[in-house]
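Since the structure comes first, as structure tokens, the remarks are kept for the end.
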Amino acid sequence: MEQLPKSLEEAIAEAMVATQAALEDGYTRLQVELVFPELRMMPIAQQFLSAFEDRGSRLRVFFPDAGAAALARRDWGDKDYAIRGMGELKAKIQPDEELFIFIEPSSVEVGQLEELCTEAGDRPVVLLNPRLEDIATIGIGYAGRQLRERFLSQFDSCYYLQPTDGAAISRSYPSSWRVWLEREEGEYELIAEEPRKPVGEALNQLLLQATGGGESEAAQPSAMKRPGLLSGLQQFLRALSQ
């Protein structure tokens, strides 16, 4: 029986397996997203990277800036792979490196990120919890947004998990996108499988169909804003943070 992960560690483990499977199938531009508020990325990144440490110096890990990279080097101890900030002079990609993982790159670094991906060529790149769609932090105009959208279109989602009010959206390669509805306290039922990520009205309609919602409910700003569902979201977040 299909189930959502019960802890953050379990979700990260699923993400590791999904990413490895996608890499083995030849994907070279991948995204991994755990969409929860106030996540501490350093321990998440450390656990996620453990799946790829056997690559040794053929792995390269990038943080958005030199400070975050220095913090990782200090806290994680000696590693066989290089850990750099994207703007560092030592960030230049080396010929013998085979896999590049970027930890939480934001819209601010999209130019640097694209340059490094161009240097990587056909070697695989993984973005762990990218924040490239945060328009508020870009501070650039139409041309910059076009750059970001064109760049993002190159990437496939191999793992995604986001709880919403009384529901959740997930994807774990090679499975399709899945929508879950909270039926009982902390228990989620799979209600839909989609070839593409359901968002906005498409997501609302799937939830309405599963709950038997009518026209009056569909007219609300969000079909998920029903009494009691927020408590389910909070319980789900607490469970994933244990």
Side-chain angles (χ1 to χ4, degrees), residues 5 7-36 39-106 109-132 151-161 170-175:
S7 68
L8 181 57
E9 288 72 22
E10 188 176 323
I12 299 168
E14 283 187 357
M16 293 156 62
V17 171
T19 304
Q20 289 175 317
L23 290 171
E24 289 172 2
D25 284 348
Y27 286 86
T28 60
R29 296 293 184 266
L30 295 170
Q31 285 192 100
V32 173
E33 296 176 272
L34 300 163
V35 189
F36 310 109
L39 277 185
R40 294 174 58 236
M41 276 306 299
M42 200 64 76
I44 291 172
Q46 185 176 17
Q47 182 181 339
F48 180 78
L49 290 168
S50 66
F52 309 98
E53 289 187 337
D54 59 350
R55 296 172 183 258
S57 61
R58 294 172 294 159
L59 170 65
R60 168 70 73 98
V61 175
F62 285 100
F63 281 86
D65 56 67
L71 185 63
R73 290 194 296 268
R74 185 198 72 184
D75 291 349
W76 297 354
D78 293 333
K79 296 292 183 182
D80 293 331
Y81 55 86
I83 303 172
R84 297 296 179 194
M86 288 166 56
E88 289 188 63
L89 293 176
K90 294 181 179 180
K92 185 175 177 58
I93 287 175
Q94 302 302 310
D96 60 339
E97 292 171 335
E98 296 179 356
L99 173 64
F100 308 94
I101 300 180
F102 291 82
I103 311 299
E104 207 172 29
S106 75
E109 297 91 29
V110 68
Q112 292 176 321
L113 178 58
E114 183 170 44
E115 288 179 10
L116 289 166
C117 287
T118 300
E119 287 183 34
D122 58 1
R123 290 173 285 179
V125 172
V126 178
L127 308 182
L128 177 60
N129 263 33
R131 296 183 292 116
L132 301 177
F151 177 70
L152 279 176
S153 68
Q154 303 172 25
F155 285 80
D156 294 290
S157 178
C158 64
Y159 192 82
Y160 186 95
L161 181 58
S170 71
R171 200 225 169 180
S172 182
Y173 180 88
S175 298

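Residue indices begin at 1 and follow the sequence shown. Because only heavy atoms are used, hydrogens play no part in the values below, and waters and symmetry mates are left out as well, while side chains stay in.
What you find for P105 and L127 is that their closest heavy atoms are CG-CD2, 4.4 Å. For Y159 against E14, the heavy-atom pair with the smallest separation is OH-OE1, 2.8 Å. Here the closest heavy-atom approach between residue G85 and residue A69 is recorded as N-CB, 3.4 Å. Between P5 and E10, the shortest heavy-atom contact is CA-OE2, 3.3 Å.
Rounding to the nearest 0.5 angstrom, the gap separating the CG atom in L30 from the OG1 atom in T28 is 7.5 Å. Within the model, atoms CD of E24 and OG1 of T19 stand 11.0 Å from one another, a figure rounded to the nearest 0.5 Å. Taken from CD1 in I44 to CD in Q46, the straight-line distance is 11.5 Å, to the nearest 0.5 Å. Atom CZ of R29 sits about 5.0 Å away from atom SG of C117, to the nearest 0.5 Å. From I103, atom CD1 reaches atom CE of M86 across 11.5 Å, with rounding to the nearest 0.5 Å. Separation of atoms CG (L34) and CD1 (I12) is listed at 6.5 Å; rounding is to 0.5 Å.
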Please assess S170 against L161 for the test side chain to side chain contact (heavy atoms under 4.5 Å, CB included), listing each intermediate value before the final yes or no. CA-CA 4 Å; S170 71; L161 181 58; 3.9 Å; yes

Go through L116 and F100 one step at a time and tell me if the side chain to side chain contact (heavy atoms under 4.5 Å, CB included) criterion holds. CA-CA 9 Å; L116 289 166; F100 308 94; over 6 Å; no

Should R123 and R58 be marked as a side chain to side chain contact (heavy atoms under 4.5 Å, CB included) after you check the CA-CA gap, both sets of side-chain angles, and the distance that decides it? CA-CA 11 Å; R123 290 173 285 179; R58 294 172 294 159; over 6 Å; no

Yes or no on side chain to side chain contact (heavy atoms under 4.5 Å, CB included) for F63 and M42, after CA distance, side-chain angles and deciding distance? CA-CA 10 Å; F63 281 86; M42 200 64 76; 3.8 Å; yes

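No donor-acceptor distance shorter than 3.5 angstrom exists from the side chain of R55 to the backbone of F52, with no hydrogens or angles considered. A donor-acceptor pair under 3.5 Å is absent between the side-chain atoms of N129 and the main chain of E104, judged by distance alone. R73 contributes a side-chain N or O that, together with a main-chain N or O of I83, makes up a donor-acceptor pair within less than 3.5 Å. In this structure a side-chain-to-backbone donor-acceptor pair under 3.5 Å is missing from Q112 to E109. The backbone N or O of A51 lies less than 3.5 Å from a partner atom in the side chain of Q20, making a donor-acceptor pair. Between the R60 side chain and the I93 main chain, no donor and acceptor come within less than 3.5 Å of each other. When atom types are taken as modelled, the side chain of E119 and the backbone of K92 share no donor-acceptor pair closer than 3.5 angstrom. R171 places a side-chain N or O within 3.5 Å of a backbone atom of S157 that can act as its donor or acceptor partner.
Looking only at side-chain heavy atoms (C-beta outward), L49 and W76 come within less than 4.5 Å of each other. Under the 4.5 Å side-chain criterion, counting only non-hydrogen atoms from C-beta, Y81 is not in contact with S57. The shortest distance between side-chain heavy atoms of C158 and V32 falls below 4.5 Å.
Between Y27 and Y173, the distance separating the two ring centers is shorter than 6.0 angstrom.
The pair E53-K79 meets the salt-bridge criterion, with a side-chain N (NZ, NE, NH1 or NH2) lying under 4.0 Å from an Asp/Glu carboxylate O.
Using cut-offs of 30° and 60° on the angle between ring planes, the pair F102 and F62 is parallel.
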